[in-house]
Amino acid sequence: MIAFPLKRGDRVEGVYLMNFMGQVNFSQDQLDSFEGLSILFLAFMNNTREESSKKDHSRYKDIERRYREEIESMQQQLVLSGKLSSLGALASGVAHEIRNPLTIVKMLVDELSKDLKGSEYGEDLSVIHTEINRIAEIINQFLDFARPKDLTVIKGNINTLIRETMNFLDIELRKSKIKMELNLYSTLPTILCDHNQIKQVFINVILNASNAIQGAEEPNGWIRIKTTVQLKESKKFVKIVFEDNGPGISDKIIDHLFEPFITTREQGLGLGLSITYRIIENHGGTIEAQNRMDGGARFVILLPVEPA
Ligand SMILES: Nc1ncnc2c1ncn2[C@@H]1O[C@H](COP(=O)(O)OP(=O)(O)OP(=O)(O)O)[C@@H](O)[C@H]1O
Ligand SMILES: [Mg+2]
């Protein structure tokens, strides 16, 4: 629960309360915007009291609705951040506990494999070896998720990072025969970001689209990536839109898409989008997902452009 006094001059006219589920920490930025909202809220109340013509009333209703939506979306984001950090801590603890005995098992299996090479146990040991490596891989992904690396931010152009990601995924995408269409805004401003982490985000979103298209056996699959600049509340953002013509996001998971371990894929861990969410959040940006009217999914990322 967070409370801000609604003050006119030195007089407190009320208290503005917001209820956040779970325990969350608030950044100074968030506190500043809550305080800003409480000032606007009081101005709104005063104005509705003083100017009660019908026209003004509906205008203020509009403003009220806008701020209500804004608060709800902030609340959702904070709840999700809280969930992510507690699940992250849990995953990290479990992963550490498993990793040590696993290393010993792996060492012993390697020794046994050498001794029993060519014997009747050789094949079984090779399966055990592969499966242990798979467990180790899952554990490493858990740990990556639980301990996101510090940001190393440098100036960069998102169009360049998208092109580098495409080069990196070239073989994979050619194999899948999915058509990639890029529509990159030519005078995109540079932004401060962690290049590797942002590329990780692009890889996660593109591979998800590719998996969805291939899973649905869509023969003419395409993925479109578009960049533009967007102004939001007088702040400038680089906007990146990913669209595909796969089957769209399942209704069963769409409301929990960015939470960890949410997956519809047999081979999936359901961590890709929660890692993506956290990276974007650490950059002060937002990511939203929706299904397109004519099928397929759309992911929209906004990354802030620092004032020059
Ligand atoms: N473009 C898309 N179209 C349809 N469904 C999608 C799309 N992107 C994500 N999803 C759905 O969201 C789920 C979660 O994605 P996420 O990347 O978090 O996990 P995953 O891909 O299943 O596993 P991981 O990324 O950990 O290997 C996917 O299993 C899929 O159901
Ligand atoms: Mg994924």
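All ligand and atom numbering here is 1-based and tracks the order in the structure.
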Minimum non-hydrogen distance to [atom], winning option of [options]:
atom: atom 22 (O) of ligand 1; options: Thr263, Thr276, Ile262; answer: Thr263
atom: atom 4 (C) of ligand 1; options: Gly248, Ala297, Gly270, Pro247; answer: Gly248
atom: atom 26 (O) of ligand 1; options: Leu271, Asn204, Asn291; answer: Leu271

- [ ] Give a yes or no on whether Asn208 keeps an N, O or S atom under 2.8 Å from the Mg ion (ligand 2).
- [x] yes
Give the minimum heavy-atom separation between [X] and [Y], together with the two atoms involved.
X: Pro260; Y: Leu271; value: CB-CD2, 4.0 Å
X: Ala289; Y: Phe258; value: CB-CZ, 4.1 Å
X: Val229; Y: Pro189; value: CG2-CD, 3.5 Å

At a 4.0 Å threshold, what atoms of ligand 1 neighbour a non-hydrogen atom of [X]?
X: Arg265; result: 20 (P), 21 (O), 22 (O), 23 (O), 24 (P), 27 (O), 29 (O)
X: Asn208; result: 8 (N), 9 (C), 15 (O), 16 (P), 17 (O), 21 (O)
X: Phe299; result: 1 (N), 8 (N)
X: Leu269; result: 23 (O), 24 (P), 26 (O), 27 (O)
X: Leu273; result: 9 (C), 15 (O), 16 (P), 17 (O), 18 (O)
X: Gly272; result: 16 (P), 17 (O), 18 (O), 24 (P), 25 (O), 26 (O)

Please determine if [X] has a nitrogen or oxygen closer than 3.5 Å to a nitrogen or oxygen of ligand 1.
X: Leu257; value: no
X: Ile253; value: no
X: Ile249; value: no
X: Asp244; value: yes
X: Thr264; value: yes
X: Ala212; value: no
X: Gly268; value: no

Task: Of Val300, Ile287, Ile162, the residue whose pairing with Ile240 passes side chain to side chain contact (heavy atoms under 4.5 Å, CB included) - done: Ile162
Count the heavy atoms belonging to other residues, nucleotides or ligands that lie under 6.0 Å from [atom1] of [X], then report whether that count exceeds 12.
X: Glu181; atom1: CD; result: yes
X: Lys236; atom1: NZ; result: no
X: Ile171; atom1: CD1; result: no

Task: Carboxylate-amine/guanidinium proximity below 4.0 Å for Glu111 and Lys114 - done: yes
Open item on the list: Assess, by modelled atom type and distance only, whether the side chains of Asn204 and Gln200 contain a donor and an acceptor separated by less than 3.5 Å.
Closed with: yes
Task: Side-chain H-bond candidate by donor/acceptor type, Asp194 with His283, under 3.5 Å - done: no
- [ ] Check the pair Trp222 / Glu243 against side chain to side chain contact (heavy atoms under 4.5 Å, CB included), numbers first and verdict last.
- [x] CA-CA 8 Å; Trp222 53 254; Glu243 291 185 327; 4.1 Å; yes
